[in-house]
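This report concerns only the one structure given below.
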Amino acid sequence: MSSENPKPSNFIRAIIDEDIKNGTFQGRVHTRFPPEPNGYLHIGHAKSICLNFGIANDYEGGLCNLRFDDTNPIKEEAEYIEAIKEDVRWLGYDWGDREYYASDYFEQLYEYAIKLIKDGKAYVDDLSAEEIREYRGTLTEPGKESPYRNRTVEENLDLFQRMRAGEFPDGSRVLRAKIDMASGNLNMRDPVMYRVLHATHHRTGDKWCIYPMYDWAHGQSDSIEGITHSLCTLEFEDHRPLYDWFIEALGIHHPKQIEFARLDLTYTVMSKRKLLELVQEGYVSGWDDPRMPTIQGLRRRGYTPEAIRDFAERVGIAKKRDSIADIAMLEHCLREDLNRRALRVMAVLHPLKVIIDNYPEGQVEELEAVNNPEDDSAGTRMIPFSRELYIERDDFREDPPKKFFRLAPGREVRLKHAYFITCTDVVKDEKTGEVIELHCTYDPESRGGASPDGRKVKGTLHWVSAAHAIDAEVRLYDHLFNKPNPMEVEEGGNYKDNLNPDSLVTLTHCKVEPSLKNAEPGSRYQFLRQGYFCVDTVDSTKEKLVFNRTVGLRDSWAKIEKK
RNA sequence: UGGGGCGUCGUCAAGCGGUAAGACACCAGCCUUUGGAGCUGGCAUUCCCAGGUUCGAAUCCUGGCGCCCCAGCCA
């Protein structure tokens, strides 16, 4: 274990520590991340990825496999595999050459099934799906045994081989484990191991027409790979006795399964079904919509893998269900990371023209600006200053409220990296009364933003030179839902009623400083005083820059104003 | 008398019989050429409840209460 960077303790690491101390698994630590390739990964999966790969990285000799649980050809597609691999890699993890598929084990699984049949521990059942359900009983009443339960080993073997050979239609027969129809644990009431499915599998093609159920495949796959600690979510707690039963019946390597609570976040939904619904019904632009909690969405939004990993570590691992982590925690991790690395630039989102009356017409000065006050090595850049500028509309109030430190008639403020200016005149639209432009004077002595006479100003504004600014589109993203728990709805309502109508506000003709001209898609910046933004990887072009707001800066003025 | 699991600050979460970590959020102040960042301080006399054991209990015992998961030929 690395001692210089101790991970927060959690009950799973405690169990592993104990296992190592006791020599269980000969001191080995081998985990796996086992996604089903039927959809895109989200932040909840990221928690599991960070857990499994994180543990493998932290323990001496630890390994973590990537295994696709591809036991259902009807729902799975090869396209998801590449997306999942890209996401895991992007998060910063490496599975070496240990990329496995449950489908790699179909033959072995078949042999295992034969063994169970021969041992009288599995049988072919001719009951229909509906009948099986009826025979299963209920939560409080025991089930009853299938009339086919006591077929001879020979008959079972023959039937099972013929199932594989394709002699029977879909749904006609299944192979079941012979356990206990009266068990209080429904999973033990003769669970189905194989179903007949004449479907083409994305990897095995038409080789098989019977496919193992997850419950039959998963534990054995872990065993085959020599996994020591099978970490999974709470809902599989009830399945553990079944997995144990299979492993014992087969007499093979027995991984230790440990269950933990899945991650939930405020202001979003996490279930694959709901996420799919949002995509299909057009509430978002796709799986990579920057508002989606998918890894692809977060990536496009401008999240960094470092922030996500930090978050996964901070939310921790426990067994408490219904634990909903505050998305503010995620956003904090993001800001903390971006604060260290994002270059500062100036961009005016809602431009208001400012004319410096006493600044020479036609003159342009290049002023030096620090790229990142948190990182000297980021250096400086030059930005043009001229007579006509844009500032943020919000930074001017004709009738400033208390504690408003920004520009107002007669008030002096600092333009970041530039000069002190004083507002001398307000030009309004005669009809609407809207403020169209401001006239100001500047103090030539305050170049760089400080006055030699030592006078102070309360406010510092960002700005861009009107003649030099570049037009850009800026997409302001906010939480997808406007309730911490989107599931909290009125009688007869739906979580979609809680969709935030302002989760995306698109601004065009924003003015950004000229240094952004060649900003690369995906690059991240802090727009001074506003937030972190990244160049959109899908829609941004050389001709038309598009920025996504990753997350806003903390805004204490907004808080004051709210009061 | 179906089975399994969980209940520690607004949120996440340590704690494993020796007298309630930490983080986020929040509040107050300092500082500041980003109302950002940073810094300082505050924030559970109490761990679902009630009994019991003990010199000592969030931790052990007993009994309650509350919440979650399970009846796919899904994973």
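Computed from a predicted structure; not experimentally measured. Below, chains carry the letters A, B, ... as their sequence lines are ordered, and counting in each starts from 1.
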Practice item. Assess whether one donor atom and one acceptor atom, taken from the side chain of A:Glu374 and the base of B:G36, lie less than 3.5 Å apart. Key: yes
Review point. Can you tell me if the side-chain N/O atoms of A:Arg529 get under 4.0 Å from OP1 or OP2 in B:G35?
Key: yes
For nucleotides 39-42 of chain B, which of its nitrogen or oxygen atoms have a protein nitrogen or oxygen under 3.5 Å away, and what is each distance?
none

Study note, to complete from the structure: Under a 3.5 Å limit on both distances, the Watson-Crick or wobble mate of B:G66 is B:C6
Identify every side-chain donor-acceptor pair in residues 415-422 of chain A under 3.5 Å, counting partners at least two apart or on other chains, and give the distances.
from: A:Tyr419; atom 1: OH; to: A:Glu365; atom 2: OE1; distance (Å): 2.7
from: A:Tyr419; atom 1: OH; to: A:Glu365; atom 2: OE2; distance (Å): 2.7
from: A:Tyr419; atom 1: OH; to: A:Arg447; atom 2: NE; distance (Å): 3.3

Check your understanding: Under 4.0 Å between a Lys/Arg side-chain N and an Asp/Glu carboxylate O for A:Arg309 and A:Glu313?
Key -> no
Review point. Within the structure, does a side-chain N or O atom of A:Lys320 lie under 4.0 Å from either OP1 or OP2 of B:A13?
Key: yes
**Study point:** Note, A:Asn38 side chain near A:Asn72 side chain (heavy atom, < 4.5 Å)
**Key:** no
Review point. Is the base of B:G72 syn or anti, if syn means a glycosidic angle within 90° of 0?
Key: syn
Practice item. Check every strand shown and say whether A:Arg335 touches a base, only sugar-phosphate, or nothing at a heavy-atom separation below 4.0 Å. Key: nothing
**Study point:** Nucleotide paired to B:A58 in any strand shown, Watson-Crick or G-U, under 3.5 Å
**Key:** none
Exercise for review: Could you let me know what B:A14 is paired to, Watson-Crick or G-U wobble, both distances under 3.5 Å, or none if it's on its own?
Suggested key: none
Review point. What nucleic acid atoms does A:Lys559 come within less than 4.0 Å of, heavy atoms only: base, sugar-phosphate, or nothing?
Key: sugar-phosphate
**Study point:** B:G15 OP1/OP2 closer than 4.0 Å to side-chain N/O of A:Ser9
**Key:** yes
Exercise for review: Mind listing the residues from residues 260-275 of chain A sitting with a heavy atom below 4.0 Å of RNA chain B? Number order is fine.
Suggested key: none
Check your understanding: Are the ring centres of A:Tyr303 and A:Phe311 closer than 6.0 Å?
Key -> no
Review point. If you measure from the Lys or Arg side-chain nitrogens to the Asp or Glu carboxylate oxygens, is any gap between A:Glu336 and A:Arg314 under 4.0 Å?
Key: yes
Check your understanding: Do A:Arg406 and B:G35 share a donor-acceptor pair, side chain to base, under 3.5 Å?
Key -> yes
Review point. How far does the P atom of B:C49 sit from the matching atom of B:U54, given to the nearest Å?
Key: 23 Å
Review point. Which part of the nucleic acid, if any, lies within reach of A:His218 when heavy atoms closer than 4.0 Å are counted: base, sugar-phosphate only, or nothing?
Key: nothing
Check your understanding: With a 4.0 Å cut-off on heavy atoms, is A:Glu259 in touch with a base, just the backbone sugar-phosphate, or nothing at all?
Key -> nothing
Exercise for review: State plainly whether the residues A:Asp394 and A:Arg529 are in salt-bridge range, i.e. N to O under 4.0 Å.
Suggested key: no
For residues 401-408 of chain A, dump all side-chain donor-acceptor pairs below 3.5 Å to protein atoms at least two apart in sequence or in another chain.
from: A:Arg406; atom 1: NE; to: A:Asp395; atom 2: OD1; distance (Å): 3.1
from: A:Arg406; atom 1: NH2; to: A:Asp395; atom 2: OD1; distance (Å): 3.3

Check your understanding: Who is the Watson-Crick or G-U wobble partner of B:U34, with both distances under 3.5 Å?
Key -> none
Review point. Does OP1 or OP2 of B:C26 have a side-chain N or O of A:Arg554 closer than 4.0 Å?
Key: yes
Exercise for review: Would you classify A:Arg189 as touching base, sugar-phosphate or nothing, given that sugar-phosphate means primed atoms plus P, OP1 and OP2, and contacts are heavy atoms under 4.0 Å?
Suggested key: nothing
Check your understanding: If you look at every strand shown and take non-hydrogen atoms under 4.0 Å, does A:Pro373 touch a base, only sugar-phosphate, or nothing?
Key -> base
Check your understanding: Between the base of B:U34 and the side chain of A:Gln530, is there any donor-acceptor pair under 3.5 Å?
Key -> no
Exercise for review: Indicate, with yes or no, if the rings of A:Tyr525 and A:Phe533 have centres closer together than 6.0 Å.
Suggested key: no
**Study point:** Salt-bridge criterion met for A:Lys21 and A:Glu18 (N-O under 4.0 Å)
**Key:** yes
Exercise for review: Do nucleotides 69-75 of chain B as a string where each nucleotide becomes B, S or -: B if the base has a protein heavy atom under 4.0 Å, S if just the sugar-phosphate does, - if no protein is that close.
Suggested key: BBBSBBB
Review point. Quantified in whole Å, what is the C1' atom distance between nucleotide B:A44 and nucleotide B:U40?
Key: 22 Å
Practice item. Any chance you could lay out the side-chain contact (heavy atoms from CB on, under 4.5 Å) test for A:Cys423 and A:Arg411, step after step, and finish with the verdict? Key: CA-CA 6 Å; A:Cys423 179; A:Arg411 176 105 44 102; 5.7 Å; no
Review point. Considering Watson-Crick and G-U wobble pairs with both distances under 3.5 Å, what does B:G41 pair with?
Key: B:C27
**Study point:** Residues touching RNA chain B, which here means a heavy atom under 4.0 Å, drawn from residues 326-333 of chain A
**Key:** A:Asp326, A:Ala328, A:Met329, A:His332
Review point. Would A:Asp69 and A:Arg67 pass as an ion pair if we require N to O under 4.0 Å?
Key: yes
**Study point:** Full working for salt bridge (charged side-chain N to carboxylate O under 4.0 Å, His left out) between A:Glu306 and A:Arg524
**Key:** CA-CA 14 Å; A:Glu306 288 82 357; A:Arg524 306 177 182 91; over 6 Å; no
Practice item. Could you tell me whether A:Asp443 and A:Arg455 have a side-chain N and a carboxylate O separated by less than 4.0 Å? Key: yes
Point to revise | Interatomic distance at P, B:U32 relative to B:U45, whole Å | key: 37 Å
Check your understanding: Quick check: does any side chain N or O of A:Asp104 sit under 3.5 Å from a backbone N or O of A:Tyr101, one acting as donor and the other as acceptor?
Key -> yes
